[in-house]
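Since we're looking at a predicted model, the values are computed, not measured. Residue numbers start from 1 in every chain, and the chains themselves are labelled A, B, ... in the order their sequence lines are given, proteins ahead of strands.
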Number of protein chains: 2
Amino acid sequence: MKTNNKEKIKKVALSLFGQKGYEETSLHDIASAVGIKKPSIYNHFAGKEDIFTAVLEDLLITETTAYGELKLRKDEPAENLKRLFDLFCSRLMNTEEALLWKRVTFFPPEPFKDLIEEKFFEFEETITGILHSIYEDAKDFSGMKHFTEPEFTAAFLCLVDGVFLEHHYYREDIFRQRMDASWKVFSFGLFK
Amino acid sequence: MKTNNKEKIKKVALSLFGQKGYEETSLHDIASAVGIKKPSIYNHFAGKEDIFTAVLEDLLITETTAYGELKLRKDEPAENLKRLFDLFCSRLMNTEEALLWKRVTFFPPEPFKDLIEEKFFEFEETITGILHSIYEDAKDFSGMKHFTEPEFTAAFLCLVDGVFLEHHYYREDIFRQRMDASWKVFSFGLFK
DNA sequence: CCTACCGATCGGTAGG
DNA sequence: CCTACCGATCGGTAGG
């Protein structure tokens, strides 16, 4: 049984950076959660910043893959948009990645400001790409009111950003009610 | 000319806590921005936590006052809702309080979790109260589609939460476009 | 309001 | 993978 402490460190760091933040998580915290002593971390990583970089890289791959696997159905824009919304909400509620992603996109630790901004726009392009396909279907679809693609995209991203933030504030049952109500008004606004 | 360093300390702390966060702001940072040495802070406050508590208290008073002064017009629900939305957006863009409020509601420093949660619900009640008056006007108003009050409230709060978050990500010109597009879809959803 | 100092904790290194 | 240690920085105190 190989222990593979390098993977363990990344896993623990993902969790602790998400819960407490980068600066508030010490290498001692990480090491003791893994079951080793602090200096042993340096066998696997060049330092604390190196751990963060590795964790963030894994996170982006995980997220991009998850959205890339979303199956869209031809000529079903309303259905497709709902699927994207549901995938977003479920990842938000069920993955450790979401917590760290929320933290670092909102309040990036100083040394990583540029890196995180870059990753943020990379991730947003993935979502924007999916929205583009859906819009292409929807613009000729009689069921949708007239919106430009930037309006369509902006309104959807604002909806998910609102949901994203509220997931942080409310208990799950209240959160679900709010999510449903917001979706209802949004889809009433978008579709005839 | 009285220097009034106690007020200076609060002002500087509001700004630094907002920009860098509570844990990442040192008493040395605060003191040197005020133009004094670190131990002199203890003439005005019992410690770092005491400064934070005082700043947060002032912040809540400022915000509650600002929303309390919002003038609503009888039987103009759509107009009133837009005013509330605009007040929210303008405070978001123009006050230092908004940055600190974003930070601490989203990722409260450990020692203040309970205090901040309490203040959060207190502030939300202020907004919910305003939305209640607007809904009372709107529910008999033929221009609004049928939504329950919880749906109405949830959808509005999700909209402003989305805007709140996006203000952080985008430059002002892009932010304004997104804000306008989101409001457009939202109001199409709410009103006939 | 200051200088001088405290114990604790941080990321990181030496050396095995 | 460990023990033992480093210089820097933290919040806070003594004493004037």
### Task
Using whole Å, report how far CZ of A/Phe52 lies from P of C/dG11.
14 Å
#### Entry: Whole-Å gap separating C1' (C/dC10) and CD1 (A/Ile41)
13 Å
### Query
More than 12 heavy atoms of other residues, nucleotides or ligands under 6.0 Å from CD of A/Glu125: is that the case?
no
#### Entry: Integer-rounded Å distance: C/dG11 P and A/Lys37 NZ
16 Å
### Message
In this structure, how many angstroms lie between the P atom of C/dG12 and the NE2 atom of A/His44, rounded?
### Response
16 Å
### Task
May I ask you to test the A/Glu63-A/Trp101 pair for a side-chain heavy-atom distance under 4.5 Å?
no
### Task
Answer whether the closest heavy-atom distance between the side chains of A/Tyr42 and A/Leu27 falls below 4.5 Å.
yes
## Note on the structure
note: A/Ile51, atom CD1; C/dG11, atom P; distance rounded to Å ~ 9 Å
### Task
Would you mind reporting whether B/Leu72 and B/Ile130 have side-chain heavy atoms less than 4.5 Å apart?
yes
### Query
Given atom CD1 of B/Ile30 and atom C1' of D/dT9, what is their separation to the nearest angstrom?
15 Å
#### Entry: Gap between atoms CG and C1', on A/Asn43 and C/dT13 respectively (whole Å)
13 Å
### Message
Once pairs are restricted to Watson-Crick or G-U wobble with both distances under 3.5 Å, how does DNA chain D read as a dot-bracket string, [ ] for crossings and | for other-strand pairs?
### Response
||||||||||||||||
#### Entry: Audit row: B/Ser26, B/Asp29, side chain to side chain donor-acceptor pair (under 3.5 Å) steps and yes/no
CA-CA 5 Å; B/Ser26 68; B/Asp29 293 335; 3.2 Å; yes
### Query
Which of parallel (below 30°), tilted (30 to 60°) and perpendicular (above 60°) describes A/His168 and B/Phe106?
tilted
### Query
Hey, would you say the B/Phe120 and A/Tyr169 ring centroids sit under 6.0 Å apart?
yes
### Query
Within this structure, what is the CD1-to-P distance between A/Ile36 and D/dC2, rounded to whole angstrom?
6 Å
### Message
From C-beta outward on A/Pro39, which listed nucleotide comes closest to its side chain: D/dT3, C/dG12, D/dT13?
### Response
D/dT3
### Message
I want to check something: taking the side chain as every heavy atom from C-beta on, are B/Met93 and B/Arg176 in contact at a cut-off of under 4.5 Å?
### Response
yes
#### Entry: Of residues 12-29 of chain B, the positions that come close to DNA chain C - non-hydrogen atoms, cut-off under 4.0 Å
none
### Task
Give the nucleotide from the list D/dC2, C/dC2, C/dG11 with an atom nearest to the side chain of A/Lys48.
C/dG11
### Query
Between B/Phe164 and B/Phe88, what is the ring plane arrangement, given parallel below 30°, perpendicular above 60°, and tilted in between?
tilted
### Task
With the side chain of B/Lys38 defined as its heavy atoms from C-beta on, choose the nearest nucleotide among D/dT3, D/dG11, C/dC2.
D/dG11
